[in-house]
4 protein chains.
Amino acid sequence: MKENKKNLSGKQLSKRNAIIKAAIDVFSHKGFHKAKISHIAKLAKVADGTIYLYFNNKENLLVSAFDELTENILNEMKNTINYEKTALDRLLKFFDLHVEMFTKQPAVVRFLAIELRQSPDFYEQHPSYNPLKEYITFIEKLIIDTITENSIRVVDPKALTLIIFGTMDFLLAEWSTKNQPFSLVEMKEKIVDIIHWGIRKG
Amino acid sequence: MKENKKNLSGKQLSKRNAIIKAAIDVFSHKGFHKAKISHIAKLAKVADGTIYLYFNNKENLLVSAFDELTENILNEMKNTINYEKTALDRLLKFFDLHVEMFTKQPAVVRFLAIELRQSPDFYEQHPSYNPLKEYITFIEKLIIDTITENSIRVVDPKALTLIIFGTMDFLLAEWSTKNQPFSLVEMKEKIVDIIHWGIRKG
Amino acid sequence: MKENKKNLSGKQLSKRNAIIKAAIDVFSHKGFHKAKISHIAKLAKVADGTIYLYFNNKENLLVSAFDELTENILNEMKNTINYEKTALDRLLKFFDLHVEMFTKQPAVVRFLAIELRQSPDFYEQHPSYNPLKEYITFIEKLIIDTITENSIRVVDPKALTLIIFGTMDFLLAEWSTKNQPFSLVEMKEKIVDIIHWGIRKG
Amino acid sequence: MKENKKNLSGKQLSKRNAIIKAAIDVFSHKGFHKAKISHIAKLAKVADGTIYLYFNNKENLLVSAFDELTENILNEMKNTINYEKTALDRLLKFFDLHVEMFTKQPAVVRFLAIELRQSPDFYEQHPSYNPLKEYITFIEKLIIDTITENSIRVVDPKALTLIIFGTMDFLLAEWSTKNQPFSLVEMKEKIVDIIHWGIRKG
DNA sequence: GATGAATGAGTTTTCATTCAT
DNA sequence: GATGAATGAAAACTCATTCAT
């Protein structure tokens, strides 16, 4: 049951989802170490022990929450940007969506911004754990498409990915930890302007 | 005595520095919560209790270490870039130095990457905690100078700061947590090329 | 229903027996406290809750299993030794059978060895719990018969019982916990020789 | 500190001894699993955490207590029986002392009788753990001496050891768990009579 | 001032038992 | 009657912090 969520009944699945949702909420406010299982259980309206029917331990709950969250977000984004015709539009739309989605769900942005940075020891012990890999891979693919369709000049896709993701990530972290000190949408547009200018065709 | 390091004798000062150095080392490897005071004490070759003669508590040690670290780094950088003649050169040099310095001191880059992101609760409990504030302010000032000297087009300094710092931060994080998967210097130059292009005069 | 197994249908009885059998197996490997109800249930191929339809709680399951086990063993032994003509032969045969039976069922000897020794608190809470009482009483009766028929000299039956049972118990415990470090049958015969010599007619 | 008690100061040593004493007391009354560390700590008048300065964990505390107890008892016995002239007298004296010592310290006999029987899994995981090994080896040596000095007939020393230790062990277990249902000293003499008779020279 | 032994609050996790289906 | 998901009480253990030496 813990290894696979496919075998769960509808009722169990909704219970599992309630736990994941509560976990994201608590982890994002408290951080992993200060988050208490009993707090998550209370929010999810289950007993403490119930969490252990669905997840092996606290760390596994964090990882599962992270994985499902990024998977869901990415799927939703992919669906939305497909309405754009050119690869460049899709890339720009992706930037918009990233900011928009996280504006609507502040807990989520906190969760991703804070918990992304685990201790180096954590990464050494879990070499395969790469929560944002798909997300970043997807950005890179968008960039390659944009170059291929000749909308922007030829740049190193990895370098551009680092700029785009790093900037978005830091933008949202600053905005949320400093209590929204600037207009997120305006700032985003100024950033896009600079980056876009940096990659436009000569 | 704990609030102020000015009254300390030479011997005490070197003890305090040993503790800070050990703290950065341990925090950067373990993260704040998994770091043990006893481990820091052992590395600094002092007794556990001695740490509490210099710092109020573990959190205070983290904040102090962070502050002194960024202050030192910043001072060193300021000295070095002053040899550059134009503001633009100083900005570009700053980027170079940031990457170079952290390549030489991997623990430091880890430390910044980890400790930069505390939980919202942490920020609420430490309203004055504003890590990197001076660092970021300095970047912003460099940018304003560069615009003023007319070396680049007029962009929002805050926006460009977010791009520069966010990208540098993520670049170093990816490079260190993924075990140096690319040449740091080459990647840096590709990134600088894109950003520079994005802000060059039309 | 829990107190009495007489009202059970055939199907229920076989389910109850499966639980008892599984309980002996698990208790004998894990000891009482480390044995899990869920493990016993799995072995018996019933649901965890089903066990509570037949037994009040874990402790009651232990006591019931113990009682039935010794009862069954004792009945079987009584039947077998009745073929012996003299009381002395029956006593000697009993010793043989004890060793033989437990060689064939190692789980059972472990079970007896472990469960025989509960903590004083356990005995205080279960004043009626007197494991092996019938078994030991039976040995004592055999001894009395043997004295009565004048096959051995007059000794205190209780004392001889302690020797016989204590020796058998420790012999089997040493043999099983130390991984059969000696030939059980040969050792048994050497022991019988000594004890027999100690009680033979002067 | 945990590996070696030789480096401890006098004060620490007395604290360690207080913990061991309290542990024997609590383990012997409650058994290992129902014994609470907090209870042992309270009895020893130390904080819960202090126990972990001297022992790695609960199991290690049990093993340490067991080892030191048997070592102390054995040493005391060796000293005392050395006043006896013949090996046979030493063997008989040993039997006396065993019963006498445990009569004076009921908690100790409960501890040895109950905790000796760990679960088979415990022995599998700790193959080297053989708490009574020295004790039993010593009995065997006494027996060999007795045979050598020609005081008793030639019997298998291992077989006689099993009889002597098994009987003593069970005698004391019955006596203590059944609330002293007979005179221990009288029963002991009846037992010695039988065993002695069984091994006397023909 | 420096030490490090001692403290004890705090939290994850297990598992016997229950009860809705 | 049978099931097994859910419950929640209970306890070992850790580690920041204190304070007697």
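Here the C1' atom of nucleotide E:dT12 and the CD1 atom of A:I40 are 11 Å apart, to the nearest Å. For the pair C:I51 CD1 and F:dG1 C1', the computed distance is 15 Å after rounding to whole Å. The CZ atom of D:R16 sits 15 Å away from the P atom of E:dA5 (whole-angstrom rounding). Between B:K45 atom NZ and E:dG1 atom P the separation is 23 Å, expressed in whole Å. In this structure, A:H39 places its NE2 atom 12 Å from P of E:dT12, rounding to the nearest Å. One atom, CG of A:L53, and another, P of E:dT13, lie 14 Å apart when rounded to the nearest Å. Atoms CD (A:Q12) and C1' (F:dT7) sit 15 Å apart, rounded to a whole Å. For C:Y54 and F:dG1, the OH to C1' distance is 7 Å, given to the nearest whole Å.
The shortest distance between side-chain heavy atoms of D:H33 and C:K34 falls below 4.5 Å. Counting heavy atoms from C-beta outward, D:K58 and D:F27 have side chains that approach closer than 4.5 Å. Put simply, the side chain of A:E59 reaches to within 4.5 Å of the side chain of A:F32, judged on heavy atoms.
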As a quick check of understanding, evaluate side chain to side chain contact (heavy atoms under 4.5 Å, CB included) for C:E71 and C:D67, giving each step before the final call. CA-CA 6 Å; C:E71 195 183 326; C:D67 284 351; 5.6 Å; no

Mind running side chain to side chain contact (heavy atoms under 4.5 Å, CB included) on D:Y54 and D:L61 for me, showing each step along the way? CA-CA 9 Å; D:Y54 294 92; D:L61 174 57; over 6 Å; no

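Annotation: of the two residues near DNA chain E, B:K15 and D:V46, the 5′-most nearest-nucleotide partner is B:K15.
In this structure, B:F66 has its ring center closer than 6.0 angstrom to the ring center of B:F111.
No donor-acceptor pair under 3.5 Å is formed between the side chain of B:E68 and the backbone N or O of B:A65. Although no hydrogens or angles enter the test, the distance criterion places no donor-acceptor pair under 3.5 Å between the side chain of A:T50 and the main chain of A:V46. Checked by atom type and distance alone, the side chain of D:N60 pairs as donor or acceptor with a backbone atom of D:N56 at under 3.5 Å.
Where pairing requires Watson-Crick or G-U contacts shorter than 3.5 Å, the helical stems of DNA chain F with at least three consecutive pairs are E:2-21 with F:2-21.
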Return a single string for nucleotides 16-21 of chain E, one symbol per nucleotide in 5' to 3' order, where B is base contact, S is sugar-phosphate-only contact and - is none, cutoff 4.0 angstrom on heavy atoms. SBB---

